[in-house]
Amino acid sequence: MGTERITIFDTTLRDGEQSPGCSMNLDEKLQMARQLELLGVDVIEAGFPVASEDDFAAVQAIARECRKPIIAALCRAIPRDIERAWEALREAAHPRIHTFLATSDIHLSYKLQKTRAEALVMIREGVGLAKSLCQDVEFSAEDATRSDWDYLVEVFTVAIEAGATVLNVPDTVGYTVPDEYGRLITHLKAKVPGIDGVTISVHCHNDLGLAVANSLAAITAGARQVECTVNGIGERAGNAALEEVVMALSVRRDAMPFATGVNQEAIYRTSQTLANITGNEVQPNKAIVGRNAFAHESGIHQHGMLSHRSTYEIMTPESVGVRQTNLVLGKHSGRHALAKRFEELGYPLGRVELDKAYKLFTKLSDQKKEIFDEDLLAIVRDGLTHIPETYKLRAVQATAGTSMFATALVTLATEEGETTETALGDGPVNAVFAAVDKLTGLSGRLLDFRVHAITGGADAVGEVFVQVEFDGVAHGGKGASTDIVEASVRAYLNATNKVLFARRTPVPAALETRC
Ligand code: KIV
Ligand code: ZN
């Protein structure tokens, strides 16, 4: 049976980043984009340039750095948006303008106050303008699944006439069901003149938990591009999960004879990279990448697995990059071994970065005997990020008990020297945060605080994520240590240093408060 290629269009950095708790700064978006390139996605939708200066800068930086995939930028079908998207994209090796307009009567009358005829004019002009700037133009009919099917035929006919190369049929509100969506694709294929010369794309939201099923039904009916996100993040209930679409196509090639260019063994690492950047852990029972996705608990299942893995396993954990044992390095490992392991993990480090990583590694290996991949990833994330450290942690001590207020003593270093403060609090973490506030003169309001053990055992490295609001603007912070109070103060300082950095290089408040 011949296999046709499905284009994987990743929108983690655009639709995914729009969702609560998932906003990323420029460094984080670049880190994620590099990982997506290693994963082998065909298209990276890097952002919505007209939305903010930050989005613009991220699209531009990704376009300059990621040379293999197509880099797409989103814009409404209006000239200012389209021109801004092109400005951000113009240095890409393979640029794509992705322009959209809503086509359902609900959106046309309540959101856009436009008639169907007026929308057709906007589509012709918008796609035409995009085409005059860029060869590769995608047009999305927002809320397509609640649009009139015959009107959609007119919409896509106009888009093709104006030069669109990809037609996207989004299920914006996660409303459709697999059979209906498949029939819609078949209808468009039969009725839109010239549709065989362009790519049909699908973009499904997960409001009814059907995003992946709908995407697969559309592929079977003739769609050849799937828009999806890592871990399924995205507006409301999220988008179709990239790892689920890719693995469904791979495991069930007998039922769906299609291939993707995704390097499956990089799937787990990509999922973890996103979880670590955003601080949103993957739900344990999440298909493919959840902690329990390959765990066999019941006796009957364990017995079956011991007899033969195929009894209860339809794909191996190794096939998506989940290694059963990932003990890699110890105290006596040298710089060479460390550099090699980082490279294998997808982080080829330059000399300066490697020096810094090696210092952090030796410090960590004094604290714990065994160093796991996750520890190394924490070093990359927390030790090598480029937020300038206006305040550095020199020392922290905290005492707490059942019959006393917690007390904390924190010493921070700046270019001017070291200063120490003490503070009381409801618990040791609260007390160290209060001491940091006294030292920095800022007043943070803690919105979210999450701890998780990166590795197992009593000497596990704990990682803390915080969301802190400073003067109405929220910033995320991360810190890792074998000591949870130290990890907490590092996370709080990371957020503090971010706010100070942002104040020196202001960004529109709208983006920062998305989280
Ligand atoms: O869900 C949606 O309709 C979108 C479009 C802008 C493609 O994200
Ligand atoms: Zn969407």
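In this chain, residues are counted from 1 in sequence order. Note that these values count all heavy atoms, side chains included, but never hydrogens, waters or copies made by symmetry. First listed ligand is number 1; within each ligand, the first listed atom is number 1.
- Of the heavy atoms in E227, none comes closer than 4.0 Å to ligand 1.
- Protein heavy atom in closest approach to atom 4 (C) of ligand 1: H203 NE2, 3.4 Å.
- Residue S140 has no N or O atom closer than 3.5 Å to an N or O atom of ligand 1.
- If you number the atoms of ligand 1 from 1 as listed, the ones under 4.0 Å from a heavy atom of T172 come out as 1 (O), 2 (C), 3 (O).
- Listed by number with element, the atoms of ligand 1 under 4.0 angstrom from any heavy atom of H205 are 1 (O).
- The protein non-hydrogen atom at the shortest distance from atom 5 (C) of ligand 1 is R14 NH2, 4.0 Å.
- Checked by atom type, the side-chain pair T176/N214 shows no donor-acceptor distance below 3.5 Å.
- In K131, the NZ atom is crowded: over 12 heavy atoms of neighbouring residues, nucleotides or ligands sit closer than 6.0 Å.
- Listed by atom number, the atoms of ligand 1 under 4.0 Å from E142 heavy atoms are 3 (O).
- Within 6.0 Å of CD on Q283 lie more than 12 heavy atoms contributed by other residues, nucleotides or ligands.
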Please lay out, stage by stage, how K111 and E142 fare under the test salt bridge (Lys or Arg N to Asp or Glu O under 4.0 Å). CA-CA 12 Å; K111 190 178 80 172; E142 191 191 9; 2.7 Å; yes

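- Contacts of R236 with ligand 1, taken as heavy-atom pairs under 4.0 Å, are absent altogether.
- With F100 as the aromatic partner, R76 does not meet the cation-pi criteria of under 6.0 angstrom to the ring centre and within 45 degrees of the ring axis.
- The residue from L89, V50, D81, L129 that alone fulfils the side chain to side chain contact (heavy atoms under 4.5 Å, CB included) condition with C75 is D81.
- The environment of CZ in F449 is crowded: more than 12 heavy-atom neighbours from other residues, nucleotides or ligands sit within 6.0 Å.
- Annotation: angle subtended at the Zn ion (ligand 2) by H203 NE2 and D15 OD2 is 90°, to 10°.
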